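These figures come from a predicted structure and were not determined experimentally. Every heavy atom of this structure was used, including side-chain atoms; hydrogens, water molecules and symmetry mates were not.
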Amino acid sequence: MLFHTKRKTLARALSLTAAAVALAVVATGCSSGGTTGAKSGGDHNYKITFLPKNLGNAYFDTSDKGGEKAIKEFKGTYAEVGPATATADAQVSYINTLTQQQVGAIVLSANDPTALGSALTQAKQAGVKIVTFDSDTDAKYRDIFINQATAEGIAKIQVDLITKEIGDAGDIAILSASANATNQNAWIDLMKKDLAANHPSVKLVDTVYGNDDDQTSFDKTAALLSTHPNLKGIVSPTTVGIAAAARYLSTSAFKGKVALTGLGTPNQMRDYVNDGTVTAFALWNPADLGYLASYAAKALIDGTITGKKGDTFKAGSLGSFTVGDKGTVLLGDPYTFTKDNISKFNF
């Protein structure tokens, strides 16, 4: 575990406004990307490319814009590429292409902890720095992991929210992303342990996977409610899933009867909070996550850090950070959004 050595106030951290992304075609004709700035820094290769789980995902749109903002600050070259669907196989070809292009760093949210291993190993052997964020790989395949919050903290806040909303008794279900998503599975395991230890009257009856696809997640929500007519709550630890579930609930007979919480962005969830579909949900600032990941990539390229425990580096306006166990850097704690505060945020 590592500690953020210069924590800003949460409200200030969450007020980061993302800059607009300039789109460009990168590598093969099927990839989308934006570039800004030019290679600079003398001998340092600040050509940094973000590879999210999938494009067209509001969460990654925000995180990658935060990364672009940081790269502009140190006058590097930003790009974003990625698949249309969140699968590990789809990410491999992008990693291989970026290695051939000799980028300075790849900033990656992994769709699988091991399936990208061979491609990432080749990239590292070619001198490319590998920064994972949001969803990690096995530690041997990357240099640094930027963790949005501790897995324990993320799991606990979701369990606390759903159990409070259903009166700490009844059936609940989980609507996750893909079945192999590293972060999702870690959170779900910890939620199960918390429920078993501290909420004996709450029963987790099902876990389903929407694959971070809006329509699939919408359909899975409908299926959950049909299969489990006594369901009292749904937890969706994915921004795509919670928004799709809220969209379904908002026009159904279950609105106000089935509680929904999880991880979402204020802009996605604002209408559903204001109309009473959702009472509360949680998240960190994804723009800050991308911003921190870019500065970690810069520090690796500069040689300021290697990923060793105890390494420290500065991350622009976010302050100083320390590398912890297994090359992990912690952004901070998740935050709860409600009708009382959601209007203050824009991401």
Side-chain angles (χ1 to χ4, degrees), residues 149-179 181 183-212 214 216-266 268-283 333-342:
T150 64
E152 292 80 6
I154 295 168
K156 186 178 187 306
I157 198 167
Q158 293 180 91
V159 169
D160 288 351
L161 288 171
I162 195 66
T163 53
K164 179 181 178 180
E165 291 180 28
I166 67 171
D168 209 19
D171 294 349
I172 65 169
I174 292 174
L175 170 62
S176 186
S178 64
N183 54 353
Q184 302 281 316
N185 290 336
W187 302 334
I188 291 169
D189 286 344
L190 288 165
M191 283 192 275
K192 288 178 179 178
K193 291 176 182 177
D194 189 354
L195 288 168
N198 302 309
H199 305 278
S201 296
V202 177
K203 182 180 179 182
L204 177 61
V205 295
D206 207 349
T207 300
V208 297
Y209 303 93
N211 296 319
D212 265 349
D214 175 75
T216 303
S217 298
F218 183 92
D219 294 341
K220 291 289 185 178
T221 303
L224 275 175
L225 294 165
S226 175
T227 304
H228 305 283
N230 296 321
L231 202 65
K232 292 188 68 177
I234 298 172
V235 180
S236 188
T238 162
T239 59
V240 176
I242 192 174
R247 181 162 59 88
Y248 180 86
L249 288 173
S250 66
T251 59
S252 77
F254 299 100
K255 179 180 176 181
K257 298 178 181 178
V258 175
L260 171 65
T261 192
L263 305 178
T265 67
Q268 283 180 303
M269 300 302 294
R270 195 180 323 278
D271 290 345
Y272 303 121
V273 170
N274 289 333
D275 73 7
T277 302
V278 174
T279 299
F281 65 97
L283 197 65
D333 296 325
Y335 181 79
T336 300
F337 299 92
T338 67
K339 193 172 185 177
D340 291 337
N341 62 29
I342 198 168

> Do the side chains of I157 and Y335 get nearer than 4.5 Å, heavy atoms only?
Replying inline: no
>> Could you check whether any side-chain heavy atom of V208 comes within less than 4.5 Å of a side-chain heavy atom of S176, counting everything from C-beta outward?
In response: no
>> Measuring from atom CG of D189 to atom CD of Q184, what distance do you get when rounded to the nearest 0.5 angstrom?
In response: 11.5 Å
Per-pair distances, 0.1 Å, donor-acceptor, side chain in residues 226-234, under 3.5 Å, sequence neighbours excluded:
unit_1 : atom_1 : unit_2 : atom_2 : d
T227   : OG1    : A223   : O      : 2.8
H228   : NE2    : D206   : OD2    : 3.1
K232   : NZ     : I166   : O      : 3.1
K232   : NZ     : A169   : O      : 3.2

> In Å, rounded to the nearest 0.5 Å, how long is the span from OG1 of T265 to CZ of F281?
Replying inline: 6.5 Å
Side-chain atoms of residues 191-203: list all donor-acceptor pairs with protein atoms under 3.5 Å, sequence neighbours left out, distances to 0.1 Å.
unit_1 : atom_1 : unit_2 : atom_2 : d
D194   : OD1    : N198   : ND2    : 2.7
H199   : ND1    : D168   : OD1    : 2.6

> Hey, which of L224, I188, V235 is the one that makes side chain to side chain contact (heavy atoms under 4.5 Å, CB included) with T207?
Replying inline: I188
>> Looking at every heavy atom in both L204 and A173, which two are closest together, and how far apart are they?
In response: CD1-CA, 3.8 Å
>> So does A280 get a backbone contact from the side chain of T261, meaning a donor-acceptor N/O pair under 3.5 Å?
In response: yes
>> Please give me the minimum heavy-atom distance between S178 and N211, naming the atom from each residue.
In response: CA-OD1, 3.6 Å
> Would a distance-only check, ignoring hydrogens and angles, find a side-chain to backbone donor-acceptor pair under 3.5 Å from K255 to D275?
Replying inline: yes
>> For a 4.5 angstrom cut-off between non-hydrogen side-chain atoms, does L283 reach F337?
In response: yes
>> Whether the side chain of N341 engages the backbone of T336 through a donor-acceptor N/O pair (distance < 3.5 Å, no angle test) should be reported.
In response: yes
> Should the heavy atoms of other residues, nucleotides or ligands under 6.0 Å from NZ of K156 be counted, would the total exceed 12?
Replying inline: no
Would you be so kind as to tabulate the donor-acceptor pairs closer than 3.5 Å made by side chains of residues 241-250, with sequence neighbours excluded?
unit_1 : atom_1 : unit_2 : atom_2 : d
R247   : NH2    : D214   : OD1    : 3.3
R247   : NH2    : D214   : OD2    : 2.5
S250   : OG     : A246   : O      : 3.4
S250   : OG     : R247   : O      : 2.9

> CG of L175 to OG1 of T216: how many Å apart, nearest 0.5 Å?
Replying inline: 10.0 Å
> Closest heavy-atom contact between T239 and G264?
Replying inline: CG2-CA, 3.8 Å
> So, for E152 and L190, which heavy atoms are closest and what is the spacing to 0.1 Å?
Replying inline: N-CD1, 3.7 Å
>> Could you report the tightest heavy-atom contact between K220 and G210, atom names first, then the distance?
In response: CG-CA, 4.4 Å
> Is the shortest heavy-atom distance from the side chain of T338 to the side chain of T279 under 4.5 Å?
Replying inline: no
